[in-house]
Amino acid sequence: MPQELSKSYEPQNVEGRIYKAWEQSGVFAPNLNATKSPYSIILPPPNANGSLHMGHALYAIQDLLVRRKRMQGHPTLWLPGTDHAGIETQTEFEKQLKKDGKSRFDLGPDEFYKQTLEFTMKSQGVMLNQLRLLGFSLDWSKEKFTLDPDVISIVHDTFKKLHTQGLIYRANRVVNYSVVQQTSLADIEVKFIEKDGFMYTLNYGTVRIATTRPETIFADAAIAVNPEDERFTELIGKTATIPLVGRQIPIIADNHVDPKLGTGALKVTPAHDFNDYEIGLRHNLPQLSVIDLQGKMINVPEELLGLKPAAAREKTVEMLEAAGFLVEKKPIKHMVGHAERTGEVIEPLLTPQWFLKVKPLSSRAKETIEKGQITILPEHFVKPCLDWFENMYDWCISRQIWWGIRIPVFYRTNDDTSKEEYLISENEEEARAYFGDGNYRSGTDTFDTWFSSSQWPYITLKTNNLFDQFYPTSVMETGYDILYKWVARMIMMGLWQTDKIPFETVYLHGLVNDKTGRKMSKSKGNVVNPVDLISQFGADAVRFSLLYQVTGGQDQRVADDTLKMSRTFMNKIWNASRFVLMKVDDYEAENLEFVAVSDADREMKVKYDEFVIEYNKQLEQYRFGQAAETIYHFFWHQFCDVYVEKTKEQIPFPMPDNFDESMVKQTRDNLLWMLRNLLVLLHPYIPFITEEIYQILPIKNKKQFIMVEDWVE
RNA sequence: GGGCGGUUAGCUCAGUUGGUUAGAGCACCUCGUUUACACCGAGGGGGUCAGAGGUUCGAAUCCUCUACCGCCCACCA
């Protein structure tokens with residue numbers, strides 16, 4: 001027996017060495033000579049600027065899938081990449097700048113981009129190494145970053161094609177606008193939080209209206225009532241008077257108005273509310289802004305000029321009350337939109353933006369899922385996903401942040417700014433050639449991060465010249481929290497771009513929460529770093545612990561018990577292997593086969609066959625927690641507690657002189673065969689320890705790595 | 001307002017086509033210094049499966065309702 005084996009398993013002496021050996025030998029790359037069907041997974045690209053969190057560690061699910069398929073002999077690709085994560089990274093870097101008393105405006109767009117890139121690249125290396133610590137068998141030679149030139153070029157092409165097909169338009173519309181970050185946000189980036197507020201009833205002369213935002217009355221363009229509402233029938237077509245300023249506005253009829261809400265009469269403020277904007281379009285109302293892009297009041301009475309909306313509200317109420325226009329003030333709870341990242345209140349503001357007409361794309365995505373062409377697991381996510389496609393609004397894809405992919409457009413600056421001309425192009429010459437002489441400016445808007453990442457399966461394979469072979473990909477495995485943000489959009493964009501689904505199966509895993517079940521967040525200070533856990537328990541134990549708790553998309557907790565259980569299991573595997581090696585002594589097996597030479601052998605083989613079938617079935621069904629328990633139980637309580645104990649009789653110590661030699665030899669073969677197969681079956685869960693033991697198994701004609709051993713069916 | 005998930009041993013959780021005395025890990029109790037492992041072995045205690053009703057020969061599992069916890073979506077002025 002190789003005497004150097006320590007009494008307990010010490011992962012820190014093993015993991016780095018083994019990962020390096022794998023990486024150097026090229027076994028992470030797909031074996032393109034294999035004849036079976038190709039299998040591919042694109043890694044959800046982590047934020048290049050971030051460090052690893054527990055959610056990333058759960059990508060062990062992908063490693064598990066990929067390692068098994070590779071061992072089964074499929075050409076298998078797991079492709080890594082990172083995301084520039086526009087707003088998130090820009091916010092982070094701006095914080096850095098602020099420490100030095102600077103803002104992005106001191107640097108200008110180009111210099112800011114350059115510095116943010118440097119900042120990001122520094123973190124990226126650390127993060128990618130953390131993925132290695134987890135043992136992920138990613139094909140690093142294919143790695144992509146969302147700001148690689150060839151990636152940007154495809155994103156630009158996509159934009160141009162969408163525009164050519166009439167699916168992109170530019171419009172001055174009400175969007176969610178962050179005055180802190182100075183950019184528009186997608187609907188989904190706005191989180192509604194319940195807040196205490198007041199419902200004010202105001203006297204508009206002919207009617208009374210109810211509002212939570214009295215500071216916007218100066219932007220009112222009309223009063224709307226429901227055409228069926230008899231209380232107001234006679235007033236339709238007449239006017240109401242805005243308090244304080246005395247401006248007359250028409251009273252109009254619109255079906256949107258719900259007679260049961262408020263007073264039944266709605267003040268319409270097209271520039272500061274999504275519904276009102278729509279009503280305004282239907283009735284051709286003026287769009288007057290009273291809040292500018294810095295979040296300050298404009299076009300209002302002098303006392304309010306320059307105030308922030310919250311302060312302006314109080315002041316306006318005082319003024320209304322003093323002038324006798326305030327009829328009622330009632331405390332209420334209502335939902336207020338906040339920016340997901342900064343937590344500030346989000347204002348719907350009127351700004352020119354680029355939009356993607358989503359209806360044609362989303363209805364196609366919906367149909368595809370309804371037809372069952374993409375399997376979504378767990379199943380209970382199917383319906384919400386369909387509803388999302390059904391109700392999706394046009395997607396505002398432009399951002400005013402500087403960190404990201406620039407929208408390729410040149411504007412011809414005219415005297416009349418309302419009639420802006422533009423050409424989608426990366427260079428000014430093209431614009432000049434198209435429009436002729438004039439003043440041009442390059443667009444400074446960037447794409448929403450999710451616009452580029454929604455094309456990720458297509459882009460990564462295309463830029464690696466692997467599209468024909470590996471698209472559609474096999475599985476998209478990620479957290480359910482980005483189902484809408486990312487997965488749904490990949491389906492839309494993938495179908496549009498390629499006429500094929502981007503992946504056959506979506507597997508959504510749950511969140512990893514802290515030990516009390518609360519969501520981890522920096523602000524709560526309860527974030528557990530997977531790298532810390534790895535140094536404490538070893539990568540295999542961390543993986544096994546996480547995968548053991550993957551059950552049907554349920555959230556899990558970082559549980560100390562489960563981590564310890566896993567570490568103990570690694571130790572058990574280690575020691576069982578030591579024992580087998582001891583029993584095998586200096587014997588080296590050839591043509592390894594299991595042949596039952598005792599009742600114990602026969603019983604073991606029966607149990608083993610049942611176990612392998614059950615285990616493979618559970619893996620096929622994506623029941624990773626169950627499969628983990630199955631193999632845990634079999635290895636410990638069947639192989640170790642029963643079989644290994646029995647073999648102590650079949651290879652006794654000390655060995656009697658007249659003992660049956662053939663019995664000894666076959667038992668050694670049986671032990672080695674069983675251990676080898678169990679290691680193979682365990683390998684996708686716990687790659688390091690299984691590789692380490694495999695390397696010292698006394699078997700002739702082994703593969704170079706267990707990683708490329710034949711799977712056991 | 002709509003939707004989804006959860007409620008199973010002291011704790012954390014499994015339990016997928018309804019079927020023998022409901023499982024695991026941890027914790028607890030008893031015993032064990034056997035030539036792998038005390039990160040061990042042998043054995044044990046502990047649950048009216050949130051509540052009510054229903055379907056069934058049979059329900060933790062299916063149906064209805066209720067309660068509580070968590071999450072998501074939503075343009076109620």
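Numbers restart at 1 for each chain; the letters A, B, ... are given by sequence-line order, proteins then strands.
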Study note, to complete from the structure: Between CG of A:Leu511 and P of B:C13 the distance, given in whole Å, is 14 Å

Practice item. Taking atom C1' in both B:A59 and B:G18, compute the distance separating them and give it to the nearest angstrom. Key: 6 Å

Check your understanding: To the nearest Å, how far apart are A:Met582 CE and B:U34 C1'?
Key -> 12 Å

Check your understanding: Quick check: are there more than 12 heavy atoms from other residues, nucleotides or ligands sitting under 6.0 Å from NZ of A:Lys607?
Key -> no

Point to revise | Side-chain H-bond candidate by donor/acceptor type, A:His509 with A:Glu477, under 3.5 Å | key: yes

Review point. If you check the A:Thr212 side chain, which of B:C39, B:G3, B:A77 turns out closest?
Key: B:A77

Point to revise | Interatomic spacing from CG in A:Asp561 to NZ in A:Lys515 - rounded to 0.5 Å | key: 10.5 Å

Review point. Quick check: are there more than 12 heavy atoms from other residues, nucleotides or ligands sitting under 6.0 Å from NZ of A:Lys519?
Key: no

Exercise for review: Look at all strands and tell whether A:Asp258 reaches a base, only sugar-phosphate, or nothing, counting heavy atoms closer than 4.0 Å.
Suggested key: base

Check your understanding: Looking at RNA chain B, which of residues 641-651 of chain A put a heavy atom within less than 4.0 Å of it?
Key -> A:Asp641, A:Val644, A:Glu645, A:Lys648

Review point. Looking at B:U35, B:C73, B:A36, which one has an atom nearest to any side-chain atom of A:Ile188?
Key: B:C73

Point to revise | B:C73 phosphate, OP1 or OP2, under 4.0 Å from A:Lys191 side-chain N/O | key: yes

**Study point:** Distance, rounded to the nearest Å, where A:Glu390 contributes CD and B:G2 contributes C1'
**Key:** 15 Å

Check your understanding: Do the ring planes of A:His637 and A:Tyr632 sit parallel (below 30°), tilted (30 to 60°) or perpendicular (above 60°)?
Key -> perpendicular

Review point. Starting at the 5' end of RNA chain B and moving along, which residue's nearest nucleotide shows up first, A:Lys260 or A:Trp388?
Key: A:Trp388

Practice item. Answer whether the closest heavy-atom distance between the side chains of A:Asp601 and A:Ser598 falls below 4.5 Å. Key: yes

Check your understanding: Within this structure, what is the OH-to-P distance between A:Tyr480 and B:C73, rounded to whole angstrom?
Key -> 11 Å

Point to revise | Distance between C1' atoms of B:C68 and B:A52 (Å, rounded) | key: 15 Å

Review point. When you match A:Asp273 and A:Phe569 each to their closest nucleotide on RNA chain B, which lands nearer the 5' end?
Key: A:Phe569

Point to revise | Atom-pair distance (CG on A:Asp220; P on B:A77), nearest Å | key: 15 Å

Review point. Base, sugar-phosphate alone, or nothing: which one does A:Val257 contact when heavy atoms must sit under 4.0 Å apart?
Key: base

Check your understanding: Do the side chain of A:Lys572 and the base of B:C37 come within less than 3.5 angstrom through a donor-acceptor pair of N or O atoms?
Key -> yes

Exercise for review: Please state the C1' separation for the pair B:C40 and B:U33 - nearest whole angstrom.
Suggested key: 12 Å

Check your understanding: Does the side chain of A:Leu202 come within less than 4.5 Å of A:Phe325's, by heavy atoms?
Key -> no

Review point. Within the structure shown, what part of the strands sits under 4.0 Å from A:Phe381 by heavy-atom distance: base, sugar-phosphate, or nothing?
Key: nothing

Review point. Would you say A:Met520 and A:Val558 make side-chain contact, with heavy atoms under 4.5 Å?
Key: yes

Exercise for review: Runs of at least three consecutive Watson-Crick or G-U pairs, both distances under 3.5 Å, are what I'm after; which ones involve RNA chain B?
Suggested key: B:1-7 with B:67-73, B:10-13 with B:23-26, B:28-32 with B:40-44, B:50-54 with B:62-66

Exercise for review: Using the C1' atom as the reference point in each nucleotide, state the distance between B:A27 and B:A67 in Å, no decimals.
Suggested key: 31 Å

Practice item. Look at the side chain of A:Asn571 and decide which nucleotide, out of B:C73, B:A77, B:C37, has an atom nearest to it. Key: B:C37

Practice item. Please state the C1' separation for the pair B:U55 and B:G2 - nearest whole angstrom. Key: 29 Å

Review point. Just how far, in rounded Å, is P of B:A74 from CG of A:Asp187?
Key: 7 Å

Check your understanding: Does the salt bridge (charged side-chain N to carboxylate O under 4.0 Å, His left out) test come out yes or no for A:Lys648 and A:Glu645, once each step is laid out?
Key -> CA-CA 5 Å; A:Lys648 289 177 180 174; A:Glu645 289 306 315; 3.2 Å; yes

Point to revise | Non-hydrogen side-chain atoms of A:Met604 and A:Val642 separated by less than 4.5 Å | key: no

Exercise for review: Pick base, sugar-phosphate or nothing for A:Tyr393, based on heavy-atom distances below 4.0 Å to the nucleic acid.
Suggested key: base

Point to revise | Side chain of A:Tyr484 (C-beta onward), nearest among B:U35, B:A36, B:C72 | key: B:C72

Point to revise | Selection from B:G5, B:C39, B:A38 that lies nearest to any side-chain heavy atom of A:Arg567 | key: B:C39

Exercise for review: With C1' as the reference atom in both, quote the distance from B:G1 to B:A74 in angstrom, rounded to an integer.
Suggested key: 8 Å

Practice item. Starting from C1' on B:C37, measure out to CD1 on A:Ile689 and report it in whole angstrom. Key: 12 Å

Exercise for review: Assign A:Met199 to base, sugar-phosphate, or nothing according to its heavy-atom contacts below 4.0 angstrom with the strands shown.
Suggested key: sugar-phosphate

Review point. Where does the angle between the aromatic ring planes of A:Tyr622 and A:Tyr507 fall among parallel (under 30°), tilted (30 to 60°) and perpendicular (over 60°)?
Key: parallel

Exercise for review: Would you kindly give the CD-to-P distance between A:Glu189 and B:A74, to the nearest whole Å?
Suggested key: 13 Å

Practice item. Tell me, yes or no, whether the heavy-atom count around A:Lys522 atom NZ, taken from other residues, nucleotides or ligands under 6.0 Å, exceeds 12. Key: no

Exercise for review: Sticking with atom C1', work out how far B:U7 lies from B:G51, rounded to a whole angstrom.
Suggested key: 11 Å

Exercise for review: May I ask you to test the A:Asp669-A:Tyr587 pair for a side-chain heavy-atom distance under 4.5 Å?
Suggested key: yes

Exercise for review: Please check the phosphate of B:G41 (OP1 and OP2 only) for any side-chain N or O of A:Trp636 closer than 4.0 Å.
Suggested key: yes

Check your understanding: Just by protein heavy atoms under 4.0 Å, how would nucleotides 14-25 of chain B read 5' to 3' in B, S and -?
Key -> SSB-------SB

Review point. Quantified in whole Å, what is the C1' atom distance between nucleotide B:C13 and nucleotide B:G32?
Key: 31 Å

Check your understanding: Does a side chain donor of either A:Tyr685 or A:Asp540 reach within less than 3.5 Å of an acceptor in the other side chain?
Key -> no

Check your understanding: When we call it a touch if two heavy atoms are under 4.0 Å apart, what does A:Arg557 touch: a base, just sugar-phosphate, or nothing?
Key -> sugar-phosphate

Study note, to complete from the structure: Heavy-atom closest pair (A:His334 atom, A:Gly197 atom, distance to 0.1 Å) is NE2-CA, 3.9 Å

